[in-house]
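So that the names make sense, note that chain A is the first sequence line, chain B the second, and so on, each numbered from 1. The analysis underlying the following values was restricted to heavy atoms, covering all of them including side chains, and did not include hydrogens, waters or symmetry mates.
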Amino acid sequence: MTVPYRPPADVAEARRVQEELRARVELVGPGPSVPATVAGLDVAYAQSGDRLVAAVTVLDAVSLDVVDEAVHVGRPAFPYVPGLFAFREMPALLAALDRLTVRPELLVCDGHGVAHPRRFGLACHLGVVTGVPAIGVGKTPLVGSWTGPGLRRGDRSALRDGDEVVGQVLRTRDGVRPVFVSVGHRIGLDEAVERVLALTPRYRLPETTRTADRLCRQALVAHDKLG
DNA sequence: GCGACAG
DNA sequence: ATCTTGTCGC
């Protein structure tokens with residue numbers, strides 16, 4: 001899963017990279033195949049903001065047991081700029097992915113996919129660069145508007161940006177705030193929603209996101225204690 | 001011009 | 001993302 005990657009030198013170059021790579025996004029999946037393994041990716045930052053830990057956990061899609069995990073300690077590769085967020089975490093996430101033993105069949109990213117100003121959020125970027133199907137699950141919106149989905153788990157409503165439906169605002173648990181699901185790469189929107197629901201039997205956020213979040217936070221603390 | 005703005 | 005106290009609820 002090793003993939004060459006070069007961070008852009010500035011905002012203008014980053015935008016050009018997105019405009020170029022967006023053409024490679026695939027908005028549909030191979031078919032009605034259910035992935036056997038699903039990966040969660042997340043990053044934790046040190047208080048100083050100059051260091052980060054990227055974590056990837058791989059779960060059995062049925063039992064949701066963690067079957068593999070990996071971390072990578074590094075530095076932000078780009079300043080945080082809304083819309084260019086992926087460039088910040090991409091190198092560290094790719095490095096963590098390289099350390100996996102198990103090849104995940106789907107990536108669940110902490111951030112948006114095509115629900116992005118140029119239709120190329122973190123989930124698209126990771127999907128296109130690795131070639132692995134990917135979906136974006138954001139906790140807050142970046143672009144688009146919607147009308148409140150019902151209050152029950154499974155209720156959803158279209159996330160629209162202009163004329164386009166760029167995602168689904170999905171209620172993963174009764175009464176909780178909805179999450180924003182969008183296609184990253186090589187999967188359809190309906191299937192993406194289906195996958196997210198399968199990953200949220202108990203909490204608002206996918207188990208993949210939760211396990212990856214715990215792993216990178218724990219690794220960050222461990223790294224501080226040492227050196 | 002002003003406000004919004006994934007993590 | 002991270003900082004940060006108490007508070008409401010199961």
Answer yes if [X] and [Y] sit in the same cluster of Ile, Leu, Val, Met, Phe, Trp and Tyr residues linked by side chain heavy atoms under 4.5 Å apart, and no otherwise.
X	Y	result
Leu97(A)	Ile135(A)	yes
Val28(A)	Val114(A)	no
Val143(A)	Leu189(A)	no

Does the distance from a Lys or Arg side-chain N to an Asp or Glu carboxylate O, for [X] and [Y], drop under 4.0 Å?
X	Y	result
Arg119(A)	Asp161(A)	yes
Arg153(A)	Asp174(A)	no
Asp42(A)	Arg214(A)	no

*Let me have a per-nucleotide readout for nucleotides 2-7 of chain B, 5' to 3', with B, S or -, counting only protein heavy atoms under 4.0 Å.*
---BBB
_Helical stems, DNA chain C - three or more consecutive Watson-Crick or G-U wobble pairs below 3.5 Å_ =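 As far as DNA chain C goes, consecutive pairing (with distances under 3.5 Å) yields no stem.
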*Return yes when atom CZ of Arg160(A) has more than 12 non-hydrogen atoms of other residues, nucleotides or ligands closer than 6.0 Å, and no otherwise.*
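Not more than 12 within 6.0 Å, no.
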*Looking at Arg88(A), Arg51(A), Arg75(A), which hits side chain to side chain donor-acceptor pair (under 3.5 Å) with Tyr45(A)?*
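Of all the options given, the one that passes is Arg88(A).
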_Outermost nucleotides of DNA chain C that come under 4.0 Å of a non-hydrogen atom of chain A_ =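 Under 4.0 Å from chain A, the extent on DNA chain C is dA1(C) to dC3(C).
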*asked:* Does the Lys NZ or Arg CZ of Arg210(A) fall within the cation-pi geometry relative to Tyr203(A) - under 6.0 Å from the ring centre and within 45° of the axis?
replied: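 Geometry flag: set, cation within 6.0 Å and 45°.
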*Aromatic rings His125(A) and Phe87(A): how do their planes relate, parallel, tilted or perpendicular, breaks at 30° and 60°?*
perpendicular
